[in-house]
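Below is one structure, written out as structure tokens; comments come after it.
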Amino acid sequence: MSGTAQPMPFSMPMFRSFVPERIRPWMYVFIAFTFQFSGGLYLGTLNQMMGETTLMRKDLLMCLYANLAGMAIYFPLLFRMKFRFTNKTLLCGAATGVLLCNLLAPHITFLPLLWLVCFIEGMCKIQGTFECMSNIQLWMTPTRDFTVFFPMLHIVILGSMQLSDLLATYLMYYYHWDYMQWFICGIMMIDLLILTVCTRHFRMFKKFPLFGVDWLGAVLWAMLLLEIAYLFNYGDWYDWWNSSVICQLSVVIIVTLFFCVWRMLTIRHPYYEPKMWTYRHLLPVFILITLVEMFLATEHVLEEVYLEEVMHYGTMTSVQLDWPALVGVLAGCLFAYWWMHIRRFNYLRLIIIGLGGIICYLLGNYFLISSDIHISQLYLPIFCRGFAYAVLSATFMTCLEEIMSFQHFFQALSVFNMLHMVMGGVVGAAIYTRGLAYYLPDNMARYGAAINNVVSSRMLINIPHYMETFMSQMTEISVKQIYGWTAYACVFLFLLFLLYDAPIRRELKQIPSWQKIRKMVAESFAGKNK
């Protein structure tokens with residue numbers, strides 16, 4: 001793991017000889033983008049799907065959380081799969097899995113089965129992305145420098161997220177919501193054609209069997225993640241712990257957590273090793289990414305309520321905000337690259353800058369939100385949101401790699417993404433939904449007290465029209481209040497960082513070669529089996 005290791009020469013021997021060397025890595029960049037475009041169901045099509053199916057918004061959001069959970073839980077298996085199967089086998093299998101899941105998802109109405117399909121699609125999605133990006137890592141950074149790799153990786157991941165939402169919305173508007181599934185199936189068939197014609201089965205190292213993998217532990221942790229996501233996603237629908245369903249689910253979560261921890265502490269090769277949790281600074285990173293995701297969950301609750309209920313924007317109007325978000329993502333990734341790699345500045349201060357971006361987003365929306373503004377006035381806060389998200393995502397992953405040994409890095413990355421992609425967002429959305437459920441009736445009671453028959457008769461107003469305007473105004477005030485409280489919390493966290501500002505080492509350790517990684521894994525199992 002020494003930083004003095006010589007850079008390995010870049011080559012892609014899995015390609016057939018007729019494929020030009022220069023375009024080989026770009027073909028894998030293209031395939032990585034296609035995998036990141038995919039999903040079980042797509043947020044841009046939710047409104048039309050709800051209109052044509054019996055599914056609620058919460059049902060469809062649960063599909064999204066299941067997809068993200070599949071991606072998060074699969075991280076510890078990525079290298080084991082890489083050492084067991086060839087690159088062509090893994091990419092063809094992942095593309096086939098994504099294709100089949102997108103064919104099946106629009107026709108499934110049984111929710112648990114639909115969630116399972118979305119979960120499997122997430123596993124295939126991350127497997128395909130990892131295989132592509134891990135094979136071009138030396139092309140991106142010959143010294144395996146993660147201050148280069150992670151910002152560039154997030155251009156692919158976060159950029160694809162925005163473009164996928166744009167594409168899904170346009171296909172839904174001009175054609176039908178299931179055309180996005182057909183589009184993904186089409187590009188997966190293109191991937192399979194490229195892989196079949198242009199690549200061959202090639203091994204850089206001896207095949208390593210899949211022994212010692214804690215499959216039951218993986219299932220238990222996945223169940224725990226999905227149970228928590230279900231609790232916070234449907235909690236408001238069931239009226240939280242006033243419902244027997246939520247009470248019973250809470251007991252099930254506690255029991256599942258007990259078995260997860262018990263298995264982790266008692267078996268030889270647990271899915272998450274106990275030592276992984278003992279690294280210094282690991283828990284603060286986990287807590288911080290959860291809080292950041294909770295702040296950014298305003299996008300999926302407060303923003304949508306404001307755009308739909310106050311501004312009465314249609315889907316095609318609201319989706320215009322994806323463009324400044326995309327520009328912000330690109331700017332954030334490039335800024336993180338400049339800060340960490342070119343200038344080698346302090347990482348903690350980069351996190352402070354990211355938090356400052358979130359504050360600008362929250363305060364910008366707080367001061368701008370009104371029924372009288374033009375949509376272009378929201379571009380700057382949305383840009384700040386995309387910028388902050390990109391900066392913090394790349395920085396947190398770089399810090400995580402720095403504080404972990406490679407043996408536990410992908411286990412920690414799995415837990416990190418559980419919090420990053422699922423837990424923070426679903427908990428934050430539940431808090432904001434609960435806040436709206438409190439503030440909206442409260443504001444209606446306060447301001448509605450001035451409305452009575454005598455006053456309305458003197459004002460000679462149209463009561464139905466006035467009440468519609470009144471409801472929009474109360475929603476606007478309620479959204480403003482919650483944005484304000486969220487901004488207070490983010491400013492408080494920002495001030496804590498300013499007080500804690502301290503130097504962090506700037507010389508990053510390098511990731512070992514694939515041969516060394518395979519040797520380390522084999523030796524760890526051989527040592528534990530003696």
Side-chain angles (χ1 to χ4, degrees), residues 8 10-17 19 24-25 27-36 38 70-102 119-139 144 153 156 187-219 222 269 271 406-407 409-411 413-414 417 511-526:
M8 293 180 61
F10 174 72
S11 65
M12 300 186 74
M14 70 286 296
F15 277 94
R16 299 186 190 275
S17 58
V19 182
R24 292 181 183 183
M27 293 171 72
Y28 267 34
V29 171
F30 167 77
I31 295 174
F33 267 105
T34 62
F35 276 110
Q36 282 300 310
S38 70
M71 294 175 63
I73 204 70
Y74 195 72
F75 272 90
L77 296 175
L78 288 172
F79 272 107
R80 298 302 305 273
M81 293 296 178
K82 189 176 186 67
F83 298 146
R84 173 61 180 84
F85 302 102
T86 64
N87 175 255
K88 181 175 182 177
T89 299
L90 290 171
L91 284 176
C92 287
T96 303
V98 170
L99 189 153
L100 293 175
C101 290
N102 274 272
F119 183 87
I120 294 172
E121 201 280 339
M123 296 170 62
C124 296
K125 177 178 178 177
I126 195 62
Q127 178 69 78
T129 305
F130 172 79
E131 274 305 304
C132 290
M133 300 306 293
S134 64
N135 279 282
I136 62 174
Q137 186 186 50
L138 285 174
W139 172 67
R144 295 182 184 272
L153 174 65
V156 175
I187 59 175
M188 287 300 117
M189 292 179 69
I190 294 173
D191 288 349
L192 288 170
L193 180 63
I194 293 172
L195 293 167
T196 302
V197 174
C198 299
T199 64
R200 61 192 176 93
H201 293 286
F202 177 84
R203 291 186 182 278
M204 291 187 292
F205 29 73
K206 184 179 178 182
K207 181 168 67 175
F208 190 77
L210 291 174
F211 71 85
V213 177
D214 181 18
W215 300 105
L216 179 57
V219 172
H269 304 303
Y271 198 69
F406 191 83
Q407 178 184 357
F409 174 58
F410 272 76
Q411 296 178 26
L413 199 58
S414 177
N417 280 287
I511 185 174
S513 66
W514 302 136
Q515 289 86 352
K516 288 184 179 179
I517 294 170
R518 184 197 177 282
K519 184 179 179 181
M520 289 162 51
V521 173
E523 287 176 350
S524 67
F525 281 106

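Atoms considered below: every heavy atom in the structure, side chains included; atoms not considered: hydrogens, waters and symmetry mates.
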#### Entry: From CA spacing to verdict: side-chain contact (heavy atoms from CB on, under 4.5 Å), Leu78, Phe83
CA-CA 9 Å; Leu78 288 172; Phe83 298 146; over 6 Å; no
### Query
What's the spacing between Tyr28 OH and Gln137 CD if we round to 0.5 Å?
14.5 Å
### Query
Do Leu99 and Asp191 pass the side-chain contact (heavy atoms from CB on, under 4.5 Å) test, and can you show the C-alpha distance, the side-chain angles, and the key distance before you say yes or no?
CA-CA 10 Å; Leu99 189 153; Asp191 288 349; over 6 Å; no
### Query
Any side-chain heavy-atom pair from Lys82 and Phe79 closer than 4.5 angstrom?
yes
### Task
For this output row, return yes or no: ring centroids of Phe130 and Phe410 closer than 6.0 angstrom.
yes
### Message
Looking at Ser414 and Ala72, would you say the former's side chain and the latter's main chain have a donor-acceptor pair under 3.5 Å?
### Response
yes
### Query
Taking it one step at a time, do Thr86 and Phe202 satisfy side-chain contact (heavy atoms from CB on, under 4.5 Å)?
CA-CA 6 Å; Thr86 64; Phe202 177 84; over 6 Å; no
### Message
For Ile73, is there any backbone N or O sitting under 3.5 Å from a side-chain donor or acceptor partner on Tyr271?
### Response
yes
### Task
State, yes or no, whether a side-chain contact exists between Ser38 and Lys125 at a heavy-atom distance under 4.5 Å.
yes
### Heavy-atom closest pair, residues Gly122 and Met71
O-CG, 3.1 Å
### Message
Rounded to the nearest 0.5 Å, what separates atom OG1 in Thr199 from atom CE in Met27?
### Response
8.0 Å
#### Entry: Gap between atom CD1 of Ile120 and atom SG of Cys101 - 0.5 Å precision
5.5 Å
### Task
Return the minimal non-hydrogen interatomic distance between Met133 and Ala32, and the atom names on each side.
SD-CB, 3.8 Å
### Message
Do Val213 and His269 have side chains that approach each other closer than 4.5 Å (heavy atoms only, starting at C-beta)?
### Response
no
### Query
Would you say Thr129's side chain and Ile126's backbone share a donor-acceptor pair under 3.5 angstrom?
no
### Task
Before giving the answer on side-chain contact (heavy atoms from CB on, under 4.5 Å), spell out for Tyr74 and Met81 the whole-Å C-alpha distance, their side-chain angles and the decisive distance to 0.1 Å.
CA-CA 10 Å; Tyr74 195 72; Met81 293 296 178; 3.3 Å; yes
### Task
Could you tell me whether the side chain of Arg16 and the main chain of Val197 form a donor-acceptor pair under 3.5 Å?
yes
### Query
Does Phe35 reach the side chain of Glu131, with side-chain heavy atoms less than 4.5 Å apart?
no
### Message
Ignoring hydrogens, what is the shortest heavy-atom contact between Cys92 and Leu192? Give both atom names and the distance.
### Response
O-CD2, 3.6 Å
#### Entry: Side-chain (Arg200) to main-chain (Pro13) donor-acceptor, under 3.5 angstrom
yes
### Message
Any non-hydrogen side-chain atom of Asn135 less than 4.5 Å from a side-chain atom of Asn87?
### Response
yes
## Note on the structure
In this structure, CE of Met12 is separated from SG of Cys198 (nearest 0.5 Å) by 11.0 Å
### Message
Could you measure the distance from the CE atom of Met189 to the OG1 atom of Thr34? Nearest 0.5 Å is fine.
### Response
13.5 Å
### Summary
In this structure, CD of Gln127 is separated from CG of Leu90 (nearest 0.5 Å) by 4.5 Å
### Backbone N/O of His201 and side chain of Lys88: donor-acceptor pair under 3.5 Å
no
### Message
Could you report the tightest heavy-atom contact between Leu91 and Gly128, atom names first, then the distance?
### Response
CD2-O, 3.5 Å
### Ile194 side chain near Phe30 side chain, heavy-atom distance below 4.5 Å
yes
